[in-house]
Asker: 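What follows is a structure written as structure tokens; I'll ask about it next.
Sequential numbering from 1 along the given sequence is applied to the chain's residues.
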Amino acid sequence: MKVNAERFLADLHRLREFGASGIGKGVVRPAFSEADLASRAWLAERFSAAGLEVRYDPVGNLFGLAGAERSLLLGSHSDSQPEGGWLDGALGVIAALEIARAAQEAGAPPVSVVSFEDEEGRFGVTTGSAIWGGALSLDQADLLTDRAGITFADARRRIAGWGGPFVDPARFSAFMEMHIEQGPWLDDAQEAIGVVESIVGIRDMRITFSGQQNHAGTTPMHLRRDAVQGMVAFNTLISERFANVVTPQTVWTVGHVAVHPNASSIVPGRVTFSMQWRDGDPDRLARMEAIIREAADEVAAHQGLGLDFGPMLGLAPVEMDAGLRRALEEAAEDVVPGRWRRMPSGALHDATNVSRHMPVAMLFVPSIGGVSHTFEEDTAEADLVAGLRVMARAVQRTSSG
């Protein structure tokens, strides 16, 4: 089975044109946007040209199914962050397509391809694969909203004429996902491949503090019920209380912040912010949640604020399948001897949800400068091709095994 590196790179650059930002290689291709839907239509054409059966499911997940009743599934996602890089997710989809073509051309065991929808979380956390994997019901997902208040149900009406039933996971034997590392370790060490051992767990929810909107010039400081000051105090408090709980690998982020009424001469009456935390230990994730809730309660009581917790979204840590991981390790040693490592994934991936149905494994290639979720995201083409060849060899080992 021989992959065609030129064809692979040409398809990868063509996909980048959908939602191209005009800044470097960046893309703006959020789930269900015009650029996202156009890219999916193009991918469907490429799947069909490769001899794969094209199937959309009710939430926009796009499959290219090999003819056999049971096959290996490869892929990732092709939507982007609001300001995203050209490789995040897209690399795994195009690598899967090239390997599926190479398998057909060589008469090798069949390979199917998937591009999951909304991995980047416009509406939730890895929404498309979470629904397909059974971690999130469609009824629950339809109630999720993006930052503009659009519901998932409204967004997926844009593909109402595209989708058929959900694809049965039982038709796949295993899932493998190729991805950029999105961190600095491979690039710093000048290594070409990372074989993932486990994927971190994640918790994500919105917190709202409600105070008293008032005049910024005439309201004395001791009488203010300032929602933003509540958020600031909360952030300081959890950092202090996490100190004896977390490890150097634990991360937490206050990301999206919405202030009302968001005016310089008004004491903020309400602030809603995202609170996300990640760790490989489910018990630590639970302890952090307890600290977050207790700290928010204390701040609200002390500052006279109202408090509301939004729905909690999250996924547990996942170990990669030992047999699939071994196939990737052996392939890495064949292709880039001595220039690979075993490593955890601090980012969340669709493989987490797919693991509820079948064995999963992941392969990383370096991210230049360790940056991702930005227009500057990039990887050397030699490393992209090395990753493709490692994945193809692992697929062969898996199929022959």
Asker: Is the distance between the ring centroids of Phe175 and His349 under 6.0 Å?
Answerer: no

Asker: Please check: side-chain N/O of Arg203 versus main-chain N/O of Leu285, any donor-acceptor pairing under 3.5 Å?
Answerer: no

Asker: Can you tell me how far apart CG (Leu73) and CE (Met176) are? Round to the nearest 0.5 Å.
Answerer: 11.0 Å

Asker: Taking the side chain from Asn61 and the backbone from Glu117, do they hold a donor-acceptor pair closer than 3.5 Å?
Answerer: yes

Asker: The test is ring-ring contact (aromatic ring centres under 6.0 Å, His included); show your working for Phe152 and Phe32 and say whether it passes.
Answerer: CA-CA 9 Å; Phe152 185 73; Phe32 299 105; 5.8 Å; yes

Asker: Are any non-hydrogen side-chain atoms of Asp204 and Met312 less than 4.5 angstrom apart?
Answerer: no

Asker: What orientation do Phe63 and Trp132 show, parallel under 30°, tilted 30 to 60°, or perpendicular over 60°?
Answerer: tilted

Asker: So which pairs with a foot in residues 155-166 pass side-chain hydrogen bond (donor to acceptor under 3.5 Å, both in side chains), sequence neighbours left out?
Answerer: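 Every pair satisfying side-chain hydrogen bond (donor to acceptor under 3.5 Å, both in side chains) with a residue in residues 155-166: Glu34-Arg158, Asp142-Arg156, Asp154-Arg157.
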
Asker: Does the side chain of Glu181 pick up a donor-acceptor pair with the side chain of Ser367 at under 3.5 Å?
Answerer: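 There is no such pair (donor and acceptor under 3.5 Å, judged by atom type) between the side chains of Glu181 and Ser367.
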
Asker: Determine the minimum heavy-atom distance between Gly269 and Pro261, stating which atoms define it.
Answerer: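 Between these two residues, the closest heavy atoms are N-CD, 4.2 Å.
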
Asker: So does Thr272 get a backbone contact from the side chain of Arg206, meaning a donor-acceptor N/O pair under 3.5 Å?
Answerer: no

Asker: State, with a plain yes or no, whether a side-chain heavy atom of Ile207 is found less than 4.5 Å away from one of Ile292.
Answerer: yes

Asker: Can a donor-acceptor pair be found, under 3.5 Å and without considering hydrogens, that links the side chain of Ser76 to the backbone of Gly92?
Answerer: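 Side chain of Ser76 to backbone of Gly92, a donor-acceptor pair under 3.5 Å: no, none is there.
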
Asker: Do Asp334 and Arg397 meet the salt-bridge criterion of a basic N to acidic O distance under 4.0 Å?
Answerer: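 Result for this pair is yes, salt bridge flagged.
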
Asker: Might you confirm whether atom CD of Glu197 has over 12 heavy atoms from other residues, nucleotides or ligands at distances under 6.0 Å?
Answerer: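 Enclosed: over 12 neighbouring heavy atoms sit under 6.0 Å from CD of Glu197.
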
Asker: Write out all pairs satisfying salt bridge (Lys or Arg N to Asp or Glu O under 4.0 Å) with one or both partners inside residues 365-392, taking only residues at least two apart or from two chains.
Answerer: Lys25-Asp378

Asker: Is there a donor-acceptor pair closer than 3.5 Å between any side-chain N or O of Arg46 and the backbone N or O of Ala41?
Answerer: no

Asker: Answer yes or no: does atom NE2 of His302 have more than 12 heavy-atom neighbours from other residues, nucleotides or ligands under 6.0 Å?
Answerer: no

Asker: Which heavy-atom pair separates Trp340 from Ala332 by the least distance, and what is that distance?
Answerer: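 Nearest pair, atom of Trp340 first, then Ala332: CG-CB, 3.7 Å.
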
Asker: Are any of the side-chain nitrogens in Arg14 or Glu17 under 4.0 Å away from the carboxylate oxygens of its partner?
Answerer: yes

Asker: Counting neighbours of CZ on Arg270 that are heavy atoms of other residues, nucleotides or ligands and sit closer than 6.0 Å, is the number greater than 12?
Answerer: no

Asker: Which distance, rounded to the nearest 0.5 Å, do you find between the CE of Met178 and the CD1 of Ile180?
Answerer: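 The CD1 atom of Ile180 is 10.5 Å from CE of Met178, to the nearest 0.5 Å.
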
Asker: Okay, side chain of Arg225, backbone of Gly304: is any donor-acceptor separation there less than 3.5 Å?
Answerer: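 A pair under 3.5 Å: yes.
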
Asker: Taking NZ, NE, NH1 and NH2 as the nitrogens, is one of them in Arg287 or Asp279 under 4.0 Å from a carboxylate oxygen of the other?
Answerer: no

Asker: If you measure only the distance, is there a donor-acceptor pair under 3.5 Å linking the side chains of Asp350 and Thr126?
Answerer: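 Looking only at side-chain atoms, Thr126 and Asp350 do not form any donor-acceptor pair under 3.5 Å.
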
Asker: Have a look at Arg122 and tell me which of Asp146, Asp36, Asp79 forms a salt bridge (charged side-chain N to carboxylate O under 4.0 Å, His left out) with it.
Answerer: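 Running salt bridge (charged side-chain N to carboxylate O under 4.0 Å, His left out) over Asp146, Asp36, Asp79 with Arg122 returns exactly one hit, Asp146.
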
Asker: Taking all non-hydrogen atoms of both residues, which atom of Ile266 and which atom of Ala216 are closest, and how far apart?
Answerer: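 That closest heavy-atom pairing would be N-CB, 3.7 Å.
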
Asker: Looking at Asp187 and Gly369, would you say the former's side chain and the latter's main chain have a donor-acceptor pair under 3.5 Å?
Answerer: yes

Asker: If you measure only the distance, is there a donor-acceptor pair under 3.5 Å linking the side chains of Thr208 and Asp308?
Answerer: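 The answer is no; no qualifying pair exists.
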
Asker: I'd like to know if the side chain of Arg40 and the backbone of Ser115 have a donor-acceptor N/O pair within less than 3.5 Å.
Answerer: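 Indeed, once roles are kept as given, a pair shorter than 3.5 Å links the two residues.
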
Asker: Using a 3.5 Å distance criterion without hydrogens, assess whether the side chain of Glu119 forms a donor-acceptor pair with backbone atoms of His77.
Answerer: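 Pair absent, no side-chain N/O of Glu119 close to backbone of His77.
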
Asker: Between Asp118 (side chain only) and Phe123 (backbone N and O only), is there a donor and an acceptor less than 3.5 Å apart?
Answerer: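 Answer holds: yes.
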
Asker: If you compare all heavy atoms of Thr352 against all heavy atoms of Ala316, which two are closest, and at what distance to 0.1 Å?
Answerer: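 Between these two residues, the closest heavy atoms are CG2-O, 3.9 Å.
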
Asker: State whether a side-chain donor-acceptor pair under 3.5 Å links Thr247 with Thr250.
Answerer: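 The answer is yes; a qualifying pair exists.
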
Asker: Between the side chains of His373 and Asp88, is a donor N or O closer than 3.5 angstrom to an acceptor N or O?
Answerer: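 Yes.
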
Asker: Taking everything shown except Trp185 itself, do over 12 heavy atoms lie less than 6.0 Å from its CH2?
Answerer: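 For Trp185, atom CH2 is not crowded (no more than 12 foreign heavy atoms under 6.0 Å).
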
